Asks: 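Have a look at this one before I ask anything.
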Amino acid sequence: MASGKLLMPQPEPKPGDLIEIFRPLYRHWAIYVGDGYVIHLAPPSEFPGAGPASIMSALTDKAIVKKELLSDVAGRDKYQVNNKHDSEYTPLPPNKIIQQAEELVGQEVLYKLTSENCEHFVNQLRYGVPRSDQVRDAVKTVGIVGVGLAAFGLIGVMLSRNKKQKQ
């Protein structure tokens with residue numbers, strides 16, 4: 001072991017687990033339903049292992065609920081079990097999560113990047129709460145950047161006025 005790092009094997013997902021898939025520019029989310037399968041929201045342009053091309057899926061307003069092999073959905077992207085809200089919300093029983101997810105397979109549903117995306121979808125199934133931390137974090141970042149740009153603009157205006165007054 002030259003690097004000194006020990007890679008821990010991925011725990012086998014359990015039915016009802018949230019699966020976070022690390023796409024190049026965002027995280028895709030699915031819910032594990034057993035036997036290697038996940039159910040997830042797939043915008044029409046999304047295809048298994050889409051990688052960078054999957055960012056185009058953000059431009060659509062419809063999605064298809066699909067049941068596919070986790071290995072196909074993840075493709076070459078890394079993934080992990082991430083039930084990150086278990087301490088905040090009580091997960092529904094796995095059989096109820098799976099039943100609800102299975103009933104949606106094949107349906108076309110509304111898709112909005114900011115309010116009805118794949119992360120909202122899986123959190124609704126697991127906890128009964130549609131929520132997306134990606135969206136919340138992006139909004140915070142945009143807000144912080146916006147405030148920063150506004151401050152720079154204001155400083156620029158003040159310096160410009162100060163310069164004119166000295167002339």
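Given the structure is predicted, the values throughout are model-derived calculations rather than measurements.
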Asks: If the threshold is 4.0 Å, N to carboxylate O, is there a salt bridge linking Glu88 and Arg131?
Replies: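 Here Glu88 pairs with Arg131 in a salt bridge, since their nearest N and O are under 4.0 Å apart.
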
Asks: For Pro94, check side chain to side chain contact (heavy atoms under 4.5 Å, CB included) against everything at least two apart and list the hits.
Replies: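 Partners of Pro94 under the side chain to side chain contact (heavy atoms under 4.5 Å, CB included) test: none.
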
Asks: Within the structure provided, determine whether Asn117 and Tyr111 are in side-chain contact (heavy-atom separation under 4.5 Å).
Replies: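 Answer yes - side chains close enough.
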
Asks: With sequence neighbours excluded, tell me which residues meet side-chain hydrogen bond (donor to acceptor under 3.5 Å, both in side chains) with Asn82.
Replies: Glu20

Asks: Using salt bridge (Lys or Arg N to Asp or Glu O under 4.0 Å) as the criterion, list what pairs up with Lys84, not counting sequence neighbours.
Replies: Glu119, Asp133

Asks: Report the distance from atom SG of Cys118 to atom CD1 of Ile21, rounding to the nearest 0.5 Å.
Replies: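 Output value for this atom pair is 8.5 Å.
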
Asks: Once you round to the nearest 0.5 Å, how far does CG of Leu104 lie from CD of Glu102?
Replies: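 Taking CG in Leu104 and CD in Glu102, the distance rounds to 9.5 Å.
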
Asks: Are there over 12 heavy-atom neighbours, none belonging to Asp35, within less than 6.0 Å of that residue's CG?
Replies: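 At most 12 heavy atoms, drawn from other residues, nucleotides or ligands, come within 6.0 Å of this atom.
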
Asks: Output the distance between atom CD (Gln107) and atom CG (Leu41), rounded to the nearest 0.5 Å.
Replies: 11.0 Å

Asks: For Lys14, which residues count as a side-chain hydrogen bond (donor to acceptor under 3.5 Å, both in side chains) partner, sequence neighbours excluded?
Replies: none

Asks: Do Pro15 and Val33 come close enough that some side-chain heavy atom pair is under 4.5 Å?
Replies: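 No. Closest side-chain heavy atoms not under 4.5 Å.
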
Asks: Mind checking whether Tyr26 and Phe22 sit in one hydrophobic cluster, side chains of I, L, V, M, F, W, Y counted as touching below 4.5 Å?
Replies: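 Not linked; separate clusters.
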
Asks: Would you say the side chain of Trp29 lies within less than 4.5 Å of the side chain of Ile19, judging by non-hydrogen atoms?
Replies: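 Answer no - side chains too far apart.
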
Asks: Once you round to the nearest 0.5 Å, how far does CD of Glu116 lie from CG of Asp61?
Replies: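 Going from CD on Glu116 over to CG on Asp61, the span is 10.5 Å.
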
Asks: Could you list the residues that satisfy side chain to side chain contact (heavy atoms under 4.5 Å, CB included) with Glu103, not counting sequence neighbours?
Replies: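 Side chain to side chain contact (heavy atoms under 4.5 Å, CB included) check on Glu103 returns Gln99.
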
Asks: Testing the 3.5 Å rule here: is there a donor-acceptor pair between the side chains of Arg126 and Tyr89?
Replies: no

Asks: For Gln100, check side-chain hydrogen bond (donor to acceptor under 3.5 Å, both in side chains) against everything at least two apart and list the hits.
Replies: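 Partners of Gln100 by the side-chain hydrogen bond (donor to acceptor under 3.5 Å, both in side chains) criterion come out as none, since no residue qualifies.
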
Asks: Could you check if a side-chain atom of Asn123 sits within less than 4.5 angstrom of a side-chain atom of Val129, using non-hydrogen atoms only?
Replies: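 No, their side chains stay 4.5 Å or more apart.
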
Asks: Can you tell me how far CZ of Phe121 sits from CG of Leu18, rounded to the nearest 0.5 angstrom?
Replies: 11.0 Å

Asks: Is any side-chain heavy atom of Lys112 closer than 4.5 Å to a side-chain heavy atom of Leu110?
Replies: yes

Asks: Just how far is it from atom CD1 of Ile39 to atom CG of Leu70, taken to the nearest 0.5 Å?
Replies: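 So the gap between those two atoms works out to 12.5 Å.
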
Asks: Identify, with sequence neighbours excluded, every residue that meets side chain to side chain contact (heavy atoms under 4.5 Å, CB included) alongside Leu69.
Replies: Tyr37, Ser71, Asp72

Asks: When you measure from the side chain of Asn83 to the backbone N and O of Asp86, does any donor-acceptor pair fall under 3.5 Å?
Replies: no

Asks: Would you check if Leu125 and Leu92 make a side-chain contact, meaning some heavy-atom pair closer than 4.5 Å?
Replies: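 No, side chains not in contact.
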
